S.K.: 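Would you mind keeping the following structure in view while I ask a few things?
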Number of protein chains: 2
Amino acid sequence: MKKVTINSVASYAGVSKKTVSRVLNNEPNVSDATREKVLKVFKELDYTPNPIARGLAQNRSFIIGCLYDNPSKSYITRVQTGALAACHELNYNLLIHPCELRGEELISNIEQLIQTSRLDGIVLTPPFSDFPELVSFLKSKKIPYARVASAVLEDDSISVRSNDEQGAFEITEHLIKLGHKEIAFIKGHPDHSATEQRFKGYRRALASNGIEFDERLVEEGNFSYHSGVDSARTILDLNPRPTAVFASNDYMAAAVLKLATQMQLRVPDDISIAGFDNAPIARHIWPGLTTIAQPVEEMTQQAVKQLITHIGEPQESPYQVTLEAKLITRESTAAIK
Amino acid sequence: MKKVTINSVASYAGVSKKTVSRVLNNEPNVSDATREKVLKVFKELDYTPNPIARGLAQNRSFIIGCLYDNPSKSYITRVQTGALAACHELNYNLLIHPCELRGEELISNIEQLIQTSRLDGIVLTPPFSDFPELVSFLKSKKIPYARVASAVLEDDSISVRSNDEQGAFEITEHLIKLGHKEIAFIKGHPDHSATEQRFKGYRRALASNGIEFDERLVEEGNFSYHSGVDSARTILDLNPRPTAVFASNDYMAAAVLKLATQMQLRVPDDISIAGFDNAPIARHIWPGLTTIAQPVEEMTQQAVKQLITHIGEPQESPYQVTLEAKLITRESTAAIK
DNA sequence: TGATATTATGACACCGGTGTCAGATTAGGA
DNA sequence: TCCTAATCTGACACCGGTGTCATAATATCA
């Protein structure tokens with residue numbers, strides 16, 4: 001039951017360490033006979049190369065970090081799922097690192113993370129994806145990074161996003177087509193670039209349908225359920241009350257629904273409610289929320305895959321892709337009566 | 001901007017590598033003067049030891065794995081939060097590993113994980129905590145492990161749990177004290193040991209209050225929202241309809257609430273609903289769910305901390321603790337009319 | 001067939017730490 | 001003051017891989 005190392009394999013196969021190493025890494029200049037001999041020994045001895053030794057020799061950790069600061073657990077796990085899929089595929093490990101964007105010493109926190117864990121790269125998820133201080137820090141330190149769901153496209157970094165503006169446009173237009181004209185809007189957290197994008201989409205839909213934008217219908221939220229409750233209170237107390245509410249995410253939409261229900265309002269008969277993200281809660285409440293679904297796993301997976309693939313080889317034209325967001329209609333929106 | 005290694009520190013401080021290493025690890029037999037000299041150089045050069053090199057020398061990875069297979073995203077993130085806290089404290093990294101208990105080749109999947117990532121230990125979360133095949137595999141391979149929220153206490157492994165049986169007892173008794181006698185019960189997933197425990201607590205509460213157990217009031221669920229919908233349909237169609245439903249977790253309870261609302265039943269006036277876990281959804285719906293809160297982060301943190309602390313030193317009497325679960329009453333339960 | 005180019009292989013240093021052990025230094029006691 | 005014990009310190013091998021380079025084996029061509 002001794003440990004199987006490259007040395008045992010080498011002596012067992014009657015070749016040098018280096019030759020075994022060549023076979024391991026599919027390097028050329030190994031005769032077919034030797035290669036097969038070594039491969040057979042791999043199987044016989046059930047050999048797995050030690051990534052730590054390899055890492056030391058190559059000055060790599062085979063670990064990438066995933067940064068997030070998000071109140072939505074479902075979003076986080078979706079991000080993780082995508083990142084893990086990519087890591088798995090490319091024999092990397094994922095280090096999750098929740099931390100606060102506005103926390104003390106964010107930069108030095110990240111610096112320490114990179115130093116102590118020797119990360120080979122970092123995936124930034126919202127709201128970090130568009131946080132200039134962090135991005136420029138990583139760039140200055142030459143830490144490879146990729147950005148998920150960023151709104152701002154810098155021209156020299158990997159970025160995979162979906163179109164928030166367009167999604168918000170579509171769901172707003174969906175409400176408009178149902179006859180709604182007074183559509184309240186609840187903004188997300190100001191640190192997230194999606195907040196601005198979704199607001200833009202909302203305004204564009206109004207404008208392109210000839211509905212005048214009314215500032216009084218806009219509330220500031222922060223993506224949390226709690227903030228949704230506050231915003232909902234203000235909105236539902238308006239006189240006249242808007243006939244529809246579009247909240248920038250599903251948690252806030254759920255909060256509107258809760259408050260509306262408490263106020264004996266019937267959804268969607270008395271008021272339509274729309275959300276964003278297609279979080280689990282959107283289908284766990286009654287009525288189910290009309291919302292926008294983004295391919296979060298897919299985005300993250302692509303971003304991480306690109307990140308890992310291009311570690312150590314700076315690209316001329318980095319991977320920048322925008323994926324589709326999709327309108328999902330459920331019971332919380334209906335035609336105005 | 002050269003790399004700072006133990007060698008640079010050593011030559012800069014005018015001592016040997018080994019002495020630097022001693023200072024790093026707080027080993028004895030270093031004179032105060034030397035120690036301080038080296039410490040000063042650490043600061044001046046901003047030295048961070050390379051965990052990969054250290055790992056190679058000590059045949060460790062400073063990584064522990066966290067296994068889960070859970071439909072509840074909030075549970076997963078709570079587990080992660082606790083595990084990360086412990087890892088952080090002890091300079092370890094956490095490798096998350098979602099996988100299916102009933103998936104193909106679970107054991108070889110785990111074996112490969114351990115082999116390729118050279119994990120120093122593993123935390124098992126439900127339903128793995130009480131999965132005998134896995135536990136005995138780890139034991140046979142001498143992989144250190146700790147179990148979170150396990151029901152079965154083997155006498156030689158680290159285990160931190162909370163009392164599911166007692167929690168279920170309390171919430172059932174809460175319903176009974178509100179005057180309910182026909183209390184339906186929705187079971188969880190059979191692979192989770194909590195399922196049996198919660199059911200036991202329910203029955204014990206009935207028994208100790210002189211209420212006869214009625215098998216027709218028990219439905220099989222699997223902790224998913226969806227399964228809750230199915231169970232709810234059966235229960236709410238019963239004639240006479242039970243006056244309360246205790247679902248084994250909040251997702252299923254939310255499903256009962258959704259269906260009840262769709263059926264125009266008023267909660268809690270017409271029917272009381274109770275859940276378990278205190279998931280976010282419990283307070284994101286209206287009425288909020290009466291439920292049981294478990295200290296998931298705390299459990300996991302303690303388990304991981306013990307695990308890491310005792311890597312490489314088998315214990316005589318391992319850490320086994322049961323933490324308190326707490327009844328949280330919200331609007332979904334009320335006295336019978 | 002011999003000279004040369006190409007391919008295959010291994011010896012050895014190295015990555016950045018830790019473990020072992022011997023030797024140097026200091027402290028303690030007679 | 002000298003001898004012994006305790007404390008410091010460093011030389012060196014080692015962990016398990018990879019990179020460099022020299023050399024051996026084979027292929028190519030004249």
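Note that the structure is predicted; figures quoted are calculated from it, not measured. Below, read A as the first sequence line, B as the second, and so on, with proteins coming before strands; counting in each chain starts at 1.
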S.K.: Would you mind telling me which of B:L307, B:V123, B:L95, B:V304 makes a side chain to side chain contact (heavy atoms under 4.5 Å, CB included) with B:C87?
M.R.: B:V304
S.K.: Does a side-chain N or O from B:T19 land closer than 4.0 Å to OP1 or OP2 of D:dC8, or not?
M.R.: no
S.K.: Are any of A:S21's side-chain N or O atoms less than 4.0 Å away from OP1 or OP2 of D:dT18?
M.R.: yes
S.K.: Could you tell me if the side chain of B:D46 sits less than 4.5 Å from the side chain of B:V4, heavy atoms only?
M.R.: no
S.K.: Decide yes or no on salt bridge (charged side-chain N to carboxylate O under 4.0 Å, His left out) for A:K139 and A:D156, but give the supporting numbers first.
M.R.: CA-CA 10 Å; A:K139 204 177 296 184; A:D156 59 350; 3.6 Å; yes
S.K.: Using a cutoff of under 3.5 Å, can you pull out all pairs of nitrogen or oxygen atoms linking the protein to nucleotides 14-16 of chain D, with atom names and distances?
M.R.:
unit_1: D:dC15; atom_1: O2; unit_2: B:A57; atom_2: N; d: 3.4
unit_1: D:dG16; atom_1: OP1; unit_2: A:K3; atom_2: NZ; d: 2.9
unit_1: D:dG16; atom_1: N2; unit_2: A:A53; atom_2: O; d: 3.4

S.K.: Look at all strands and tell whether A:V20 reaches a base, only sugar-phosphate, or nothing, counting heavy atoms closer than 4.0 Å.
M.R.: nothing
S.K.: What's the closest nucleotide to the B:K18 side chain, out of C:dG10, D:dG10, D:dG17?
M.R.: D:dG10
S.K.: Quick one: B:N25 CG to C:dT20 C1', roughly how many Å, whole number?
M.R.: 15 Å
S.K.: Can a donor-acceptor pair under 3.5 Å be found between the side-chain atoms of A:R22 and the base atoms of D:dG19?
M.R.: no
S.K.: Grab the CG-C1' distance between A:N29 and D:dA24 for me, whole Å please.
M.R.: 14 Å
S.K.: Do the side chains of A:D69 and A:R102 get close enough for a salt bridge, i.e. N-O under 4.0 angstrom?
M.R.: no
S.K.: Among the nucleotides C:dG19, D:dG17, D:dT20, which one has an atom lying closest to any side-chain atom of B:E27?
M.R.: C:dG19
S.K.: Between A:I107 and A:E133, which heavy-atom pair has the shortest distance, and what is it?
M.R.: CD1-O, 3.9 Å
S.K.: Side chains of B:R147 and B:S157: is there a donor and an acceptor less than 3.5 Å apart?
M.R.: yes
S.K.: Are any of A:T34's side-chain N or O atoms less than 4.0 Å away from OP1 or OP2 of C:dT9?
M.R.: yes
